[in-house]
Every structure is written in C-alpha cells, then in structure tokens.
Amino acid sequence: MPELPEVEVICQGLRPHLTNRIITTIYYSGKPLRHPVPFAAMDEMLCGQTISTITRRAKYLLIATKDGTPSRSCAAPDARDTRPSLAVIIIHLGMTGNLGLFPLAAPIKTHDHVRWQLDNGLELRLNDSRRFGGVWLLPPEQARNLETGFFAGTGPEPFSNLCTPAYFMAIAQKREQPIKTFLMDSKVVAGIGNIYANEALMAAGIHPARKACTLQEHHWQRLIPVIRTILTQAIACGGSTISDFINANGERGYFQMNFQVYGRKNQPCHQCGSLIEKIQISGRASYFCPHCQHG
DNA sequence: CAAGTTACCTGACGGC
DNA sequence: TGCCGTCAGGTAACTT
C-alpha cells in the first residue's frame, strides 16, 4: 500500500506506540520476502532492546534501537548506558505490505510474516500477501552510515531543498524517457510512485508522456511545489485516521484522497469535464486529462 | 549509460 | 459456482 505518504502515515502512527518499547520476542513465518528475512540476526540482536526512533526514508521505514549489542548477556538495562550505537530495522512494504499494531491475542492473519512482540502487550505485525516487501537489519556500523550505505543511490526526498529545478534539469538533460517514468525513478527523487506521479503531473498540467529532457525551468518551478503539496495533502488525509492505528483494519491513508486522474479512466475531469484517458507508460497505468495536460 | 522487459507473488475482479 | 485472463500502490535483475 505504499507510496511515500502511506509509509509516512504508518511511521507517524507507529511512533508514539513504539518509542521506548522493548522488543521481547520476534516471530517469522519462514516465507521469504523479496530478500531473505534476517530472522536469526534480529532474534539475536533485537530481543531485549529498546526502540529509540521510527523514521522514514523514501518508501522505507526505519526502526532504530538504542543499543545494537546483543542484550541477552545484559538483562538488566543500565540507565547510564549512553552508547550511541544503533541497530536499525528497515522495512519496505512492496505492493501489498502493511504494518499494524495488535494485541498479542488478536488472531494471526494469513500473510502475517514477521511479528515483533513488545513489552506493552502489543505486537507489530508485517502482513504482505504478495511478498514484494522486505526486511533488513543493519548492524550499528552500517546503521550509522545509511546515506552512504543502504541509501547510496537513492535520490533526495521530495521535500529536500536539494530538489531544485537545476537539480532535476541536470539529470533530465540526458533522459529521453517520459517525465512520469523520470519522476518514479527512485535514483532521481525518492518516494514518488505511480499514483502520485500521475496526480502531480495532472496538477502541474504536464502530459505524462512528455520527454523529461524537454521540460523547461518554468515547468520544474511549477512541478516541484505541486509534488510537495500533493504528498502533504495525502499525508494529512492518512493522518486523520492515525488515532485508529491500533488494530487498524483495512483502509487508511491515501485511499481517502480525492484523486484527479488516478483510476478515473473515462470519467470526467474535475477541471474541464474532458474524459480522463488511460495509457501505458513504461509498463505502468498512466492517467491524464487530454485537455488540462498539454504543458 | 539509458531504457525497455521480465520476474517476483497473491488476490480481486470481470467475462463467459 | 467456477474457470480464466487481466490487473494491481514496487523494485531489481536482466536485455537491448
């Protein structure tokens, strides 16, 4: 379920419930996700550890622990222990992944693949039917160098001040590909998936198949703030449901967004009444208004 | 290097 | 009811 806004909503929803909780036990279905799940390493490194921070980078959720060293040998936590080392769990939700907090007694669902049991009677459950998601565990030395390690090659966040017209134009210069495909390239900019690439281009009045290299500075000056506004709105929509986070069932986050084009083939454009068209671009469903998106 | 294609998996939906 | 094809919010390994 994850583009950037959904992951951000999950991140914000989990934060108050996970911060300062101790991971007590970890369970694993045994089914591989996109990559092997580092169950043995998590079991060894995380049980007994305290969760410190929950953050998001691109479409990945990062859960840091306060101490990356094996804790089974130090059962009594030392309050004066200020060692900065952090092990980090990284979670990606793929196409169908979902994270929720459940009481321990809540029935296990099909495709609940990893469960992190906490010291407050709840457990964090990763459910992912298609198993395109992934779980990684970075030991302290790797966790300290995320941007040059795990996220090397990942583009800046859309909200970063690195995202300027000049930045995009320098890369787009050599790209003959459609602007929509360009926006979805995580090496260019992080977190924009199929839905929001479609929506942002509609809001900016740019045809999704237009070659990335043909966008002028004024296009980028329009597109960058539009991307930020749409992502912000989507996060706000999801945020309104955060209070239901525990035991959250089904729809939360951007399902509540009012899409202008995504999924609206042959329906009238909210701006001009023209019928929204659907085409394939780089193998992905692409929706646009033939009247509003000439730029 | 850029860009297109395929693969990974399950489930929902529409047509027959 | 059921069978079958198609499609789905992502990423990375391939090929061209």
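To find a chain, count down the sequence lines: A is the first, B the second, and so on, and within it residues start at 1.
A/L33 places its CG atom 14 Å from the P atom of C/dA12, with the value rounded to the nearest Å. Across the protein-nucleic acid pair, A/R284 atom CZ and C/dT6 atom P stand 18 Å apart, rounded to whole Å. In this structure, CZ of A/F132 is placed 10 Å from C1' of C/dA8, rounded to the nearest angstrom. Rounded to an integer number of Å, the gap from A/N198 CG to C/dA8 C1' is 13 Å. The separation between A/K59 atom NZ and C/dT11 atom C1' is 9 Å, rounded to whole Å. Atom CG in A/L183 sits about 17 Å away from atom C1' in C/dT11, given to the nearest Å. Between the C1' atom of C/dT11 and the CE atom of A/M184 lies a distance of 10 Å, rounded to the nearest Å. Straight-line distance from the CD atom of A/Q280 to the P atom of C/dT6: 13 Å, rounded to whole Å.
Using P as the reference atom, C/dC7 and B/dT5 are 15 Å apart when rounded to the nearest Å. A distance of about 15 Å separates the P atoms of C/dC14 and B/dC9, rounded to the whole Å. A distance of about 22 Å separates the P atoms of C/dT11 and B/dC1, rounded to the whole Å.
Here A/R57 pairs with A/E147, A/E157 under the salt bridge (Lys or Arg N to Asp or Glu O under 4.0 Å) rule; sequence neighbours left out. Scanning for salt bridge (Lys or Arg N to Asp or Glu O under 4.0 Å) contacts around A/K211 gives A/E176, with sequence neighbours left out.
Residue A/K278 is in sugar-phosphate contact alone, with no base atom involved, counting any heavy-atom pair closer than 4.0 Å across all strands shown.
Taking the six-membered ring where the residue is Trp, the centroids of A/H113 and A/Y28 are separated by 6.0 Å or more.
Note that the CD atom of A/Q293 and the SG atom of A/C269 stand 8.0 Å from one another [nearest 0.5 Å].
The pairing partner recorded for C/dC3 is B/dG15, the criterion being a Watson-Crick or G-U wobble arrangement whose two distances lie under 3.5 angstrom.
For the side chain to side chain donor-acceptor pair (under 3.5 Å) criterion with A/N127, the lone passing option out of A/T110, A/N98, A/D112 is A/D112.
A heavy atom closer than 4.0 Å to some atom of DNA chain C occurs in no member of residues 205-215 of chain A.
Residue A/F151 is found in a hydrophobic cluster whose other members, listed by chain and number, are A/Y60, A/L62, A/V88, A/I90, A/W136, A/L138, A/L146, A/F150; membership requires side-chain heavy atoms under 4.5 Å apart, directly or through intermediates.
The outermost nucleotides of DNA chain B lying under 4.0 Å from heavy atoms of chain A, listed 5' to 3', are B/dA2 to B/dG11.
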Quick one, A/S274 with A/H291, criterion side-chain hydrogen bond (donor to acceptor under 3.5 Å, both in side chains). Give me CA distance, side-chain angles, the key distance, then yes/no. CA-CA 7 Å; A/S274 302; A/H291 177 76; 4.8 Å; no

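Residues A/T214 and A/R210 have side chains that bring a donor and an acceptor to within less than 3.5 angstrom of each other.
Pairs passing the salt bridge (charged side-chain N to carboxylate O under 4.0 Å, His left out) check and including a residue from residues 177-203 of chain A, sequence neighbours excluded, read A/R175-A/D185, A/D185-A/K187.
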